[in-house]
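For reference, the structure discussed in these notes is given below.
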Amino acid sequence: MTIPIKQIKLRRLSMQLKNPFTTSFGTFRDKEFLILEAIDEVGNRGFGESVAFASPWYSEETVQTSAHILEDFLIEPIKNHGITHPDDLAALFSHIKGNNMAKSVIEGAIWDLYAKRRNESLAQALGGTQQEIEVGVSLGIKPTVKDLLTTIEQQLEEGYKRIKIKIEPGWDVDVLREVRAHFPDMPMMADANSAYTLDDVDHLKKLDDLDLMMIEQPLAHDDIVDHAQLQASMDTPICLDESIHSLADARKAIQLGSCQIINIKIGRVGGLTESKRIHDYCREQGVPVWCGGMLEAGVGRAHNIALTTLPQFTLPGDTASSSLYWEEDIINPEVVAKNGMIQVPDKPGIGYDIDDHALDKWTTATKTFDF
Ligand SMILES: O=C(O)CCC(=O)C1=CC=C[C@@H](O)[C@@H]1C(=O)O
Ligand SMILES: [Mg+2]
């Protein structure tokens, strides 16, 4: 039986991060994003959240391209063809090249609606087994090493165990050596966001002395081959993020030896169905995965938590507490990590209620599509 969607609302929101976020690409404080709401014939509401940023620094997608692709190419086919299961969307959208983050918004809303109609949690609908998940914190580049050490101290006191530190040329080996000297036993990883090339192999090999869990995406955002050459030269496990857009990419990266870990981001790979396919393949191959973050608001955080309940998510993800990002989130209750652990909600769908007042407060535009 098809899921009888009666209306879709596409909201554009703008929220201010509590703390500016700096990576090798730059610093930003305001987060623009989309929330898509799919409503069925009895009033069930499924929600999806976009992760593309306002400018194309992380990938070629932006908030604007996501809105365009959703409004002009993705919503109509659902209206005309009907969906029985969220997995059907991959075939329905297969003629649309790329635009994974746009596809993920509507796919996430339909996964949420599908689970709510079955009165089961999204985690259960995905086949998740973990009742609680471990998360860490991702720290942007700080003005000074002292600021970084202070921030790490604060997060460890909050109970987070794994700390992810952004690096770039000029803010890498020496900084991480100081961090390791202050925190000799702390689970630590570095995220380079493609700031290096194969010319930097000898420099990057110095990281091997620091007992890092991994180095995330050291080379080009669209590379798999050079990462294989780098991994062959380094002991530290390489984790790929930006390079992996699909199960096919994950298979090629693992077969080539380009990485030993994969950061799965639901939006980057086009949604929960492809995320699950990548997870299942990595489980067969014995490759650990974890759930990366995109500075999401509560709907996106809830989707990340549900995905992370799958068994091969064996490393702490980036889905820290809402309060680390937002003065006020758009869900009730907010996401709360205690000692680095999040209890997975067992309510239907994403498991968190939408705070309609907050949603309206941060909404700058809404488009409605009646089915
Ligand atoms: O806290 C989070 O949501 C993780 C943020 C984070 O580390 C990233 C978000 C987006 C792009 C990058 O800067 C980085 C990442 O690559 O994982
Ligand atoms: Mg990353």
Side-chain angles (χ1 to χ4, degrees), residues 15 17-33 49-63 100-101 104 133-142 148 151-152 155 158 160 162-168 171 188-196 212-223 227 237-245 249 253 259 261-269 289-305 307-308 315-326 329 334-335 337 340 342:
M15 290 173 72
L17 285 163
K18 263 184 174 172
N19 306 299
F21 190 78
T22 301
T23 75
S24 53
F25 294 95
T27 299
F28 61 99
R29 184 169 196 126
D30 296 310
K31 183 101 190 307
E32 283 183 68
F33 60 99
E49 179 177 328
S50 74
V51 294
F53 294 103
S55 65
W57 62 268
Y58 172 81
S59 77
E60 73 287 352
E61 292 190 73
T62 66
V63 181
N100 279 355
M101 292 179 181
S104 171
I133 62 165
E134 185 175 4
V135 293
V137 178
S138 174
L139 302 179
I141 292 173
K142 300 295 179 189
L148 177 61
T151 305
I152 292 171
Q155 298 311 330
E158 282 291 312
Y160 293 106
R162 183 273 270 154
I163 301 291
K164 166 166 143 178
I165 298 171
K166 296 269 166 246
I167 61 171
E168 61 181 10
W171 179 272
M188 175 164 74
M189 59 177 281
D191 186 354
N193 289 119
S194 306
Y196 299 91
L212 297 179
M213 297 167 70
M214 68 191 88
I215 176 169
E216 192 180 340
Q217 200 70 37
L219 307 179
H221 74 282
D222 55 357
D223 167 77
H227 278 98
I238 288 176
C239 169
L240 290 180
D241 171 356
E242 288 90 331
S243 299
I244 307 299
H245 302 92
D249 287 346
C259 64
I261 300 168
I262 288 181
N263 165 347
I264 297 178
K265 291 182 176 177
I266 299 169
R268 189 193 73 227
V269 302
V289 300
W290 57 282
C291 185
M294 294 290 278
L295 309 173
E296 294 91 343
V299 170
R301 314 196 82 71
H303 279 272
N304 289 347
I305 291 166
L307 177 69
T308 308
L315 295 170
D318 278 347
T319 312
S321 299
S322 295
S323 60
L324 214 57
Y325 302 82
W326 314 112
D329 205 341
E334 295 194 347
V335 170
I342 293 174

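Note that ligands are numbered from 1 as they come in the structure, with each ligand's atoms numbered from 1 the same way. All values derive from a computational prediction rather than experimental measurement.
- Some N or O of D241 is nearer than 3.5 Å to an N or O of ligand 1, by distance alone.
- Given atom 10 (C) of ligand 1, the protein heavy atom at minimum distance is M294 SD, 3.6 Å.
- Counting only heavy atoms from C-beta outward, the side chains of K164 and V137 never approach each other to under 4.5 Å.
- Scanning all protein heavy atoms for the shortest distance to atom 13 (O) of ligand 1 gives T23 CG2, 3.1 Å.
- Under the 4.5 Å side-chain criterion, counting only non-hydrogen atoms from C-beta, I264 is not in contact with C291.
- Of all protein heavy atoms, the one lying nearest to atom 14 (C) of ligand 1 is K166 NZ, 3.3 Å.
- Not a single heavy atom of F28 sits less than 4.0 Å from an atom of ligand 1.
- Polar contact check, K164 against ligand 1: a nitrogen or oxygen pair lies under 3.5 Å apart.
- Protein heavy atom at the shortest distance from atom 12 (C) of ligand 1 is N193 ND2, 3.4 Å.
- In this structure, H245 places its NE2 atom where more than 12 heavy-atom neighbours from other residues, nucleotides or ligands lie under 6.0 Å away.
- Residue-level check: among N/O/S atoms of E216, OE2 sits closest to the Mg ion (ligand 2).
- An N or O contact shorter than 3.5 Å links L295 to ligand 1 by distance.
- Every N/O-N/O distance between Y58 and ligand 1 stays at or above 3.5 Å.
- Taking the Mg ion (ligand 2) as reference, the nearest N/O/S atom within D241 carries the name OD2.
- With respect to atom 7 (O) of ligand 1, the closest heavy atom belonging to the protein is S138 OG, 2.7 Å.
- Side chains of S194 and E242: no donor on one and acceptor on the other come within 3.5 Å.
- The minimum distance between the Mg ion (ligand 2) and any N, O or S atom of D191 involves atom OD2.
- A cation-pi contact, defined as under 6.0 Å to the ring centre and within 45° of the axis, links R301 to Y325.
- Within the structure, the closest approach of K265 to ligand 1 falls below 4.0 Å when heavy atoms are considered.
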Inset, instruction - Just do the side chain to side chain contact (heavy atoms under 4.5 Å, CB included) check on E49 and F33 with the steps written out, would you? - result: CA-CA 7 Å; E49 179 177 328; F33 60 99; 3.8 Å; yes
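- Looking at L17 and F28, their side chains come closer than 4.5 Å, going by heavy atoms from C-beta outward.
- Annotation: atom 2 (C) of ligand 1 to nearest protein heavy atom, Y325 OH, 3.4 Å.
- Among protein heavy atoms, atom 8 (C) of ligand 1 sits closest to G293 O, 3.7 Å.
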